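Please read the structure below before turning to the comments.
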Amino acid sequence: MLSEDDAGVAQVGAPHRDKAREILRRVWGYPEFRPGQGEIIDAVFASKDVLAIMPTGGGKSLCYQLPAVMGDGLTLVVSPLIALMHDQVAALRAAGVEAGALTSASAPEETARTWDGLRSGTLKLLYCAPERLALEGTAERLAQFPIRLLAVDEAHCVAQWGHDFRPDYLRLSAFRDRLAAQGRDVQIAAFTATADEATRKEIVDKLFPGAPKIFLRGFDRPNLRIAFEPKRNPGQRIETFALARRGQAGIVYCASRKGVERMAERLVAAGLDALPYHAGLDPETRNANQRAFVQSDGVVMAATVAFGMGVDKPDVRYVVHADLPKSVESYYQEIGRAGRDATPAEALTLYGLDDMKLRRLQINESDAPEERKRADHARFSALLALAEAPTCRRQTLLAYFGEVLEEPCGHCDLCDAPPERFDGTIAAQKAMSAMLRTGERFGVEHLTAVLRGEATDAVVRFRHDRLPTFGVGADVSKAEWRSIFRQLYAAGLAEVNIAEYGQWSVTPAGRRVLKGEETVMLRKDGAAPHAKRRRDRSPAPAPVDAVDAGLLAALKAKRLELARAADVPAYVIFTDRTLQEIAAARPKTLDELAQVHGVGQAKLKKYGDMVLELVGDG
């Protein structure tokens, strides 16, 4: 967790720990830091520049918010996510911390309040988008204020070859240099959940004047169960999955706007509270749907990947990908939107050969330079390796980020139900022989017909019924051959020329298998492995006695009423975890309520009597 010399950093910061814990309890209502937070906060107090890589839901924001509350001066938080900035400002104000944001979405009176707070010195945290800070007028005005810490959220956006590159992040160093020219040595703390070694190096080179203290908190999310499944009637699979989790908030990602609309309609027809979200909707509808998802319980959002960026909803219980993401980084970031409250959550990804071909085509047809295309292909290949992993999926995922999990996690689909594997060398040789003997000019359906000995019109017309490979795979079903072709493609043994009607060809690696120089292990997909067993149940967030179910429902109803009145996300009032603990503990006094996780002094004062009244009536 700690880099070299960090023991010294911790010792320097140690005297702050008691005060930090007191503020943690008083302001946020948390009894203790999450793993890794204390060491990072110590380094910030020691005036060290910091780069912290922490998993989503690991508590990154507290690592700069708490020092801002304790220290003097202004903390400037740079974030690319307008919705998230406004939600965090609302959450801080609800906790009694004066914060503001300068964004294009801010109302005039809100912007005026923020500037007044800056001039009076009462504002502790100011949130600003990099595009806003890049404006000369904004940068010049902000440089007049006593900025002590520049906190950079989503720091991976500075990486030019990364999956979320934002050009204006490159201009943060110019703002830092502007302050340095005034003789002000502003401290920098950068945070991200997705950064491999190359990205970390790029962040350091472009954001920091020297070497920062680097904290690798790790990428594991133990509360998140991860699973992949080959597509078989994906619409029905997702409907069944969501129905088994009725009343829980979830996100279903689809690759296209049409897919989003169809998915939302299907889920609504199934009786679920589901909404669509994509760029084709008018802004008013899009914003209304996002507010409904954030403020209400049990809404399922069918969306393109644009949704979720900046939505800090801690109680999302599942994320489903109806189609393959574009990289491991994108996948990790998107599934990270589930279970941010550290209680059990799920991530299910459905994938098929068409997904693979579509993503390859998107990369090939992009305007990116060849170097970027090669990097994107490599990232997507890593995702295919994760999808077709033979053993513990979490070990494969963490290994991509350079993290070693010594033992299988016991909490992924492959640990729950290990797939049956077989020596697929002969089957692979038959498939690749069919590709070569048909001139590497045909798609998977035609090749399957040749292998199974089906004299279709096309097979007869091209005289492929006379080939030695005609009928050599008649004992294998069509579904099994599709699975074999998919795995050959994912393993890099075959490739598809998507621009030429999906023509299949053998790669150099495939030719080595064809010649018998190498073997290949394949997996049997079977009939929806582990799916049947899990369809009828889902992990419960935090069990509450049945006798408290009525109280919990009353607390959630009151929370929704308050959230809508204040036009803030429901979790800003109280998180699900807090309500569940109240329902389980049934506090009788304000002192007892103050011991509940997430009840700080400001919320105790504002909502305490109301909560106790609900508990007494429950």
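Treat the numbers as computed from the prediction; the structure is a model and nothing was measured.
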Tell me, which pairs form a side-chain hydrogen bond (donor to acceptor under 3.5 Å, both in side chains) where one or both residues lie in residues 117-126, sequence neighbours left out?
-> D116-R119, S120-T122

Check the pair L348, Y318 against side chain to side chain contact (heavy atoms under 4.5 Å, CB included), reporting the backbone distance first and the verdict last.
-> CA-CA 8 Å; L348 170 65; Y318 61 86; over 6 Å; no

Residues that A255 engages under side chain to side chain contact (heavy atoms under 4.5 Å, CB included), provided they are two or more places apart = D323

State the OG1-CD distance between T285 and Q290, to the nearest 0.5 angstrom.
-> 13.0 Å

Q362 side chain to R359 side chain, donor-acceptor N/O pair below 3.5 angstrom = yes

Can you check side chain to side chain contact (heavy atoms under 4.5 Å, CB included) on V300 and Q248, steps first, answer last?
-> CA-CA 8 Å; V300 182; Q248 296 182 7; over 6 Å; no

With sequence neighbours left out, what residues match D153 under salt bridge (Lys or Arg N to Asp or Glu O under 4.0 Å)?
-> none

Quick one: is the NZ or CZ of K206 closer than 6.0 Å to the six-membered ring centre of Y169, and within 45° of its axis?
-> no

Heavy-atom side-chain contact between D168 and L133 under 4.5 Å = no

Decide if the gap between the ring center of Y400 and the ring center of F219 is smaller than 6.0 angstrom.
-> no

R372 bridged to D376 by N-O distance under 4.0 Å | yes

When you look at R34 and E39, which way does the salt bridge (Lys or Arg N to Asp or Glu O under 4.0 Å) test go after all the steps?
-> CA-CA 10 Å; R34 292 185 183 181; E39 291 84 354; over 6 Å; no

R171 atom CZ, over 12 foreign heavy atoms within 6.0 Å | no

CZ/R148 to CG/L179 distance, rounded to the nearest 0.5 angstrom?
-> 13.5 Å

Would you sort out whether V316 and R340 count as a side chain to side chain contact (heavy atoms under 4.5 Å, CB included), showing the intermediate values?
-> CA-CA 7 Å; V316 175; R340 295 170 70 106; over 6 Å; no

With the side chain counted from C-beta on, respond yes when P314 and R337 share a heavy-atom pair under 4.5 Å apart, and no when they do not.
-> no

For a side chain to side chain contact (heavy atoms under 4.5 Å, CB included) with I214, tell me which candidate from I203, V50, L51 qualifies.
-> L51

Sequence neighbours left out, what passes salt bridge (Lys or Arg N to Asp or Glu O under 4.0 Å) with E261? Give chain and number order.
-> none

Any M54 side-chain heavy atom under 4.5 Å of Q37 side chain | yes

Verify salt bridge (Lys or Arg N to Asp or Glu O under 4.0 Å) between R166 and E154, making sure each step is shown before the conclusion.
-> CA-CA 10 Å; R166 299 283 286 262; E154 308 291 345; over 6 Å; no

Distance (rounded to the nearest 0.5 Å) between L118 CG and L123 CG = 5.0 Å

Rounded to the nearest 0.5 Å, how far apart are CZ of F293 and OH of Y277?
-> 11.5 Å

Side-chain touch D576/D297, heavy atoms, less than 4.5 angstrom = yes

How about V78 and L150: do any of their side-chain heavy atoms sit closer than 4.5 Å?
-> yes

Shortest non-hydrogen contact between R379 and S327, atoms and distance = CB-CB, 3.8 Å

Is a side-chain donor-acceptor pair under 3.5 Å present for T114 with T111?
-> no

Least distance between heavy atoms, A101 atom then V89 atom = CB-CG2, 4.0 Å

Taking side chain to side chain contact (heavy atoms under 4.5 Å, CB included) as the test, write out the residues that go with R21, two or more places apart.
-> R17, D18, E32, F33

Paired with T103, the side chain to side chain donor-acceptor pair (under 3.5 Å) test is passed by just one of R132, E110, E131, H86, namely H86

Kindly write out the residues that satisfy salt bridge (Lys or Arg N to Asp or Glu O under 4.0 Å) with R113, not counting sequence neighbours, or none if the list is empty.
-> E98

Does the pair E346/R317 count as a salt bridge with the N-to-O cut at 4.0 Å?
-> no

E284: what forms a salt bridge (Lys or Arg N to Asp or Glu O under 4.0 Å) with it, not counting sequence neighbours?
-> none

Would you mind writing out the side-chain donor-acceptor pairs for residues 57-77 within the sub-3.5 Å range, not counting sequence neighbours?
| residue | atom | partner | partner atom | Å |
| --- | --- | --- | --- | --- |
| Y64 | OH | Q88 | OE1 | 3.4 |
| Q65 | NE2 | Q88 | OE1 | 3.4 |
| Q65 | NE2 | Y127 | OH | 3.0 |

Under the ring pair (Phe, Tyr, Trp, His ring centres under 6.0 Å) criterion, do Y253 and F307 qualify, and how do the steps go?
-> CA-CA 9 Å; Y253 284 118; F307 181 76; 7.3 Å; no

Only pairs at least two apart or in different chains count here, so list each salt bridge (Lys or Arg N to Asp or Glu O under 4.0 Å) that has a residue in residues 176-192.
-> E136-R178

For the residue pair V319 and A338, what are the closest heavy atoms and their distance?
-> CG2-CB, 3.8 Å

Check: D220 and E403 side chains under 4.5 Å, non-hydrogen atoms | yes

Mind listing the closest non-hydrogen atom pair of V252 and A322 along with its distance?
-> CG1-CB, 4.5 Å

Which atom names give the shortest non-hydrogen contact between A190 and L207, and what distance separates them?
-> CB-CD1, 4.1 Å

Does R393 have any side chain to side chain contact (heavy atoms under 4.5 Å, CB included) partners at least two apart in sequence or in another chain, and if so, which?
-> I226, F228, L386, A389, C412, D413, L414, R523

For H411, side chain to side chain contact (heavy atoms under 4.5 Å, CB included) partners two or more places apart = R225, R394, C409

Flag the pair F401 / L216 as yes when at least one side-chain heavy-atom distance between them is below 4.5 Å, and no otherwise.
-> no

Return the minimal non-hydrogen interatomic distance between C157 and P80, and the atom names on each side.
-> SG-CG, 4.3 Å

Salt bridge D205-K201, side-chain N to carboxylate O under 4.0 Å = yes

Report the C-alpha separation of W115 and L102 in whole Å, then their side-chain angles, then the decisive distance to 0.1 Å, and conclude whether the side chain to side chain contact (heavy atoms under 4.5 Å, CB included) test is met.
-> CA-CA 9 Å; W115 284 112; L102 295 176; 3.7 Å; yes

Measure the CZ-CD1 distance between F215 and I40 for me, rounded to the nearest 0.5 Å.
-> 6.0 Å

Between K373 and E370, does at least one N-O distance fall below 4.0 Å, as a salt bridge requires?
-> yes

Hey, what do you get for NE2 (H321) to CG (L350), rounding to the nearest 0.5 Å?
-> 10.5 Å

Which residues share a side-chain hydrogen bond (donor to acceptor under 3.5 Å, both in side chains) with N223, sequence neighbours left out = none

